[in-house]
Enquirer: 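Next up is a structure, given as structure tokens.
No hydrogens, no waters, no symmetry mates; every other heavy atom, side chains included, goes into these values. Since this is a predicted model, take the numbers as computed values, not measurements.
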Amino acid sequence: QVQLVESGGGLVQAGGSLRLSCAASGRTFRDYHMGWFRQGPGKERQFVAAISRTAISTTYADSVKGRFTISRDNAKMMVYLQMNSLKPEDTAIYYCAAGPTWSLTVSSAGYWGQGTQVTVSS
């Protein structure tokens with residue numbers, strides 16, 4: 001079992017940067033692929049980025065490719081999302097998630113954090 005706690009959200013101007021962190025607890029962190037999802041106002045939760053168990057592979061939603069970078073530190077049981085060149089449409093609650101399958105989706109992710117708000121002003 002994995003418990004996840006996000007931090008690092010906030011208010012930033014368009015073009016700015018934020019780094020989200022996800023602290024995991026539980027002895028099986030290394031067994032899970034990790035990801036970030038987001039849910040904007042009135043929208044469904046959507047995939048943002050994922051990283052494999054050993055950090056060899058990463059994948060991103062088209063909307064964030066080239067701007068966001070996901071990383072993990074298995075020794076510290078941390079997952080990060082570096083967000084650069086932020087746009088107002090990136091405004092959302094960002095959730096950290098863990099799942100057993102590489103095709104990490106809303107339905108396949110078994111564990112979720114409580115979310116952290118990111119607001120990008122124009």
Side-chain angles (χ1 to χ4, degrees):
Q1 200 169 17
V2 178
Q3 293 80 43
L4 305 170
V5 179
E6 303 95 334
S7 61
L11 174 64
V12 64
Q13 288 189 330
S17 298
L18 279 176
R19 188 195 195 203
L20 304 184
S21 298
C22 174
S25 59
R27 298 171 64 180
T28 58
F29 176 73
R30 293 171 184 263
D31 292 343
Y32 292 95
H33 303 295
M34 300 298 297
W36 289 94
F37 292 75
R38 67 186 181 186
Q39 188 165 13
K43 297 182 179 179
E44 294 184 351
R45 193 170 298 188
Q46 60 180 198
F47 171 79
V48 175
I51 187 166
S52 61
R53 297 183 185 97
T54 57
I56 290 177
S57 298
T58 58
T59 185
Y60 298 90
D62 288 343
S63 58
V64 307
K65 278 181 183 175
R67 300 188 298 123
F68 291 12
T69 303
I70 188 171
S71 60
R72 69 188 290 168
D73 185 330
N74 282 348
K76 296 181 179 178
M77 296 203 296
M78 296 291 295
V79 182
Y80 306 99
L81 186 68
Q82 178 66 44
M83 305 186 296
N84 299 328
S85 302
L86 282 162
K87 305 175 181 179
E89 51 263 43
D90 294 319
T91 295
I93 299 174
Y94 282 72
Y95 298 90
C96 179
T101 61
W102 176 230
S103 297
L104 201 59
T105 64
V106 172
S107 58
S108 71
Y111 302 98
W112 295 88
Q114 83 290 348
T116 185
Q117 177 70 49
V118 171
T119 303
V120 184
S121 63
S122 57

Enquirer: Show the nearest heavy-atom pair for residues G26 and Q3, with the distance to one decimal.
Expert: N-OE1, 4.2 Å
Enquirer: State plainly whether one hydrophobic cluster holds both V64 and F47, where clusters connect Ile, Leu, Val, Met, Phe, Trp and Tyr through side-chain heavy atoms under 4.5 angstrom apart.
Expert: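 Hydrophobic grouping puts V64 apart from F47.
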Enquirer: Do V106 and I93 land in one hydrophobic cluster if side-chain heavy atoms of ILVMFWY residues count as linked below 4.5 Å?
Expert: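 Yes, it is one cluster - the side chains of V106 and I93 are joined through contacts under 4.5 Å.
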Enquirer: Of the non-hydrogen atoms in W102 and T59, which two are nearest, and what is the gap between them?
Expert: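 That closest heavy-atom pairing would be CZ2-CG2, 4.0 Å.
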Enquirer: At what distance, to the nearest 0.5 angstrom, does OG1 of T69 lie from CE of M83?
Expert: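 Rounded to the nearest 0.5 Å, the OG1-CE separation comes to 11.0 Å.
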Enquirer: Closer than 3.5 angstrom, by distance alone: can the side chain of R72 be matched with the main-chain N or O of A55 as a donor-acceptor pair?
Expert: no
Enquirer: Should we say atom CD of Q114 is surrounded by more than 12 heavy atoms from elsewhere, each under 6.0 Å from it?
Expert: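 Atom CD in Q114 is packed in, count exceeds 12.
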Enquirer: Quick one: does Y60's side chain have a donor or acceptor within less than 3.5 Å of a partner on I70's backbone?
Expert: yes
Enquirer: Is there a continuous path of hydrophobic side-chain contacts, each under 4.5 Å between heavy atoms, that joins L86 to F37?
Expert: no
Enquirer: When rounded to the nearest 0.5 angstrom, what distance separates OG in S108 from NE2 in H33?
Expert: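 Result: 9.5 Å between the selected atoms.
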Enquirer: What is the distance from atom CD of Q46 to atom CD of Q39, rounded to the nearest 0.5 Å?
Expert: 9.0 Å
Enquirer: Hey, what do you get for OH (Y111) to OH (Y32), rounding to the nearest 0.5 Å?
Expert: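 Rounded to the nearest 0.5 Å, the OH-OH separation comes to 4.0 Å.
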Enquirer: Is Q117 close to T91 at the side-chain level, that is, under 4.5 Å between some pair of heavy atoms?
Expert: yes
Enquirer: With clusters defined by side-chain heavy atoms of hydrophobic residues (ILVMFWY) lying less than 4.5 Å apart, directly or transitively, does Y95 cluster with W36?
Expert: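 Not linked; separate clusters.
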Enquirer: Roughly how far, to the nearest 0.5 Å, is CE of M78 from CZ of F29?
Expert: 8.5 Å
Enquirer: Do you know which two heavy atoms are closest between G8 and L18, and how far apart they sit?
Expert: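 Answer, listing the atom of G8 first, then L18: O-CD2, 3.8 Å.
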Enquirer: Report yes or no: does E6 contribute a side-chain atom to a donor-acceptor pair with the main-chain N or O of C96 at less than 3.5 Å?
Expert: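 Yes.
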Enquirer: Does the pair K87 and D90 meet the rule for a salt bridge (Lys or Arg N to Asp or Glu O under 4.0 Å), with working shown?
Expert: CA-CA 5 Å; K87 305 175 181 179; D90 294 319; over 6 Å; no
Enquirer: Taking the side chain as C-beta and beyond, is there a heavy-atom pair between R38 and V118 under 4.5 Å?
Expert: no
Enquirer: Minimum heavy-atom separation for R67 and S85, please, with both atom names.
Expert: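 R67 and S85 have their closest heavy atoms at NH1-O, 3.0 Å.
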Enquirer: Please answer whether the main-chain N or O of R30 pairs with a side-chain N or O of R53 as donor and acceptor at a distance below 3.5 Å.
Expert: no
Enquirer: Is T116 reaching over with its side chain to a backbone N or O of Y94, donor-acceptor style, under 3.5 angstrom?
Expert: no
Enquirer: I'd like to know if L4 and V48 are part of one continuous hydrophobic network [Ile/Leu/Val/Met/Phe/Trp/Tyr, side-chain heavy atoms within less than 4.5 Å].
Expert: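 In one cluster with V48: L4, yes.
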Enquirer: Do K76 and S21 have side chains that approach each other closer than 4.5 Å (heavy atoms only, starting at C-beta)?
Expert: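 No - every pair of side-chain heavy atoms lies 4.5 Å or more apart.
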Enquirer: Looking at CD1 of I51 and CG of L104, how far apart are the two atoms once the value is rounded to the nearest 0.5 Å?
Expert: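 Going from CD1 on I51 over to CG on L104, the span is 12.0 Å.
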Enquirer: Any chance the side chains of S107 and T105 put a donor and an acceptor closer than 3.5 Å?
Expert: yes
